[in-house]
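Okay, so here's the structure we're looking at.
Numbering starts at 1 and runs along the sequence shown.
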Amino acid sequence: MTTASPRIAVVIPAFRVRDRVLEVIAGIGDLASAIYVVDDGCPEGSGRHVEAHVTDGRVRVIWHDRNRGVGAAVMTGYQAALDAGASVIVKIDGDGQMDPADLPRLVAPILDGTADYVKGNRFYNLTRLHRMPVVRIVGNAALSFITKFSSGYWDIFDPTNGYTAIHAAVARELPWSRMAPGYFFESDMLHHLGLLGAVVRDVPQDARYGDEKSGVRVLRAVLRFSVQHAANTLRRLLYNYFLRDFSAASVELVLGVALLAFGFVFGATQWVEWTSRGVGAYAGTVMLAALPIIVGSQLVLAFLSFDVARVPREPIHPQLERRRRVEAAITRPPAGSVRQ
């Protein structure tokens, strides 16, 4: 960090959290200098409830005239925090499942300069994992594996976890207009951070589950998000391995996929043909199908090994801050000059 006292802002998207949002706000310690509650067209009037009962001068309520989605609410809060000069922006849900006391641990990797973006991981403490509903464990495990492909972050888990912190310099670089406004926001965020080359870290989080109702049906989300993840995966591979760079890994990917496709298609068609005849296939035919699959599998595995090793390790926010200072110095009028 470049300042001794970084301004830490907290963003709380509020939709159907009237009964719990006050408790969340009360639990946020003195580390935060500003708290933005974004009422996302809440039918319960969560924003009005906050204004009526919270006297904390750090709290500001922002309104959406209609429900736009949790991602849109977070982006509205991010923009307000950036406009106010925040250095680090934390996002915490208003449903009480995230402990505000974990905030110092969440922002620590950003403040010590080892990460650009930090997120909670509810799977670290296996002794407390039984508190999470089984359907959430299975669904989040599946989404985590899919997200590794679409984001390129092979060393993170629990991608739908919404307890996050981001350095302001990195937040300014994100293409907000192209990011998902709904529940896919956290996964889409990881995809765009990967394109920037930002360093992402997991920190242990002890999730709290009570009688609150989540707006996400995890297993349904796995199916619905798969299409979006597939699009993000193709975009990431195209950008990183063919437009921005072209390496041996690019060749391994193309040849590996082509050989696998040929082997499976040729093998399937030959199997159908020989089965319809009621006889066994020639050894040469079998090898002509098997060999491309074997070689293609090895090439794809080699590509994956390269992709795993490519996970960003050097935080980008120091460079972004230096660039911003240089740009500001260039555009600043010379000392003693008089503007006409």
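- For Tyr78 and Tyr36, the distance between ring centers is not under 6.0 angstrom.
- Under the 30°/60° scheme for interplanar angles, the aromatic rings of His49 and His53 are found to be tilted.
- With a 4.5 Å cut-off on side-chain heavy atoms, Ile35 and Arg60 do not count as touching.
- A donor-acceptor contact shorter than 3.5 Å is absent between the side chain of Arg105 and the backbone of Gln205.
- Of the possible polar contacts, none joining the Ser305 side chain to the Leu301 backbone as a donor-acceptor pair under 3.5 Å is found.
- Counting heavy atoms from C-beta on, the side chains of Val74 and Val38 never come closer than 4.5 Å.
- A donor-acceptor contact shorter than 3.5 Å links the side chain of Ser46 to the backbone of Arg18.
- The backbone N or O of Ile156 lies less than 3.5 Å from a partner atom in the side chain of Lys148, making a donor-acceptor pair.
- Under a 4.0 Å N-O distance rule, the pair Asp95/Arg20 does not qualify as a salt bridge.
- For the pair Cys42 and Ala14, the tightest heavy-atom approach, listed with the atom from each and the gap, is CB-O, 3.8 Å.
- Under a hydrophobic-cluster definition in which Ile, Leu, Val, Met, Phe, Trp and Tyr are linked whenever side-chain heavy atoms come within less than 4.5 Å, directly or via other members, Phe246 and Val257 are assigned to the same cluster.
- Note on ring orientation: taking the six-membered ring where Trp is involved, the planes of Trp176 and Phe185 are parallel (angle under 30°, cut-offs 30° and 60°).
- When the side chains of ILVMFWY residues are joined at heavy-atom separations under 4.5 Å, either directly or via intervening members, Tyr241 and Leu243 end up in a single hydrophobic cluster.
- Here the side chain of Ser151 pairs no donor or acceptor atom with the backbone of Gly194 at under 3.5 angstrom.
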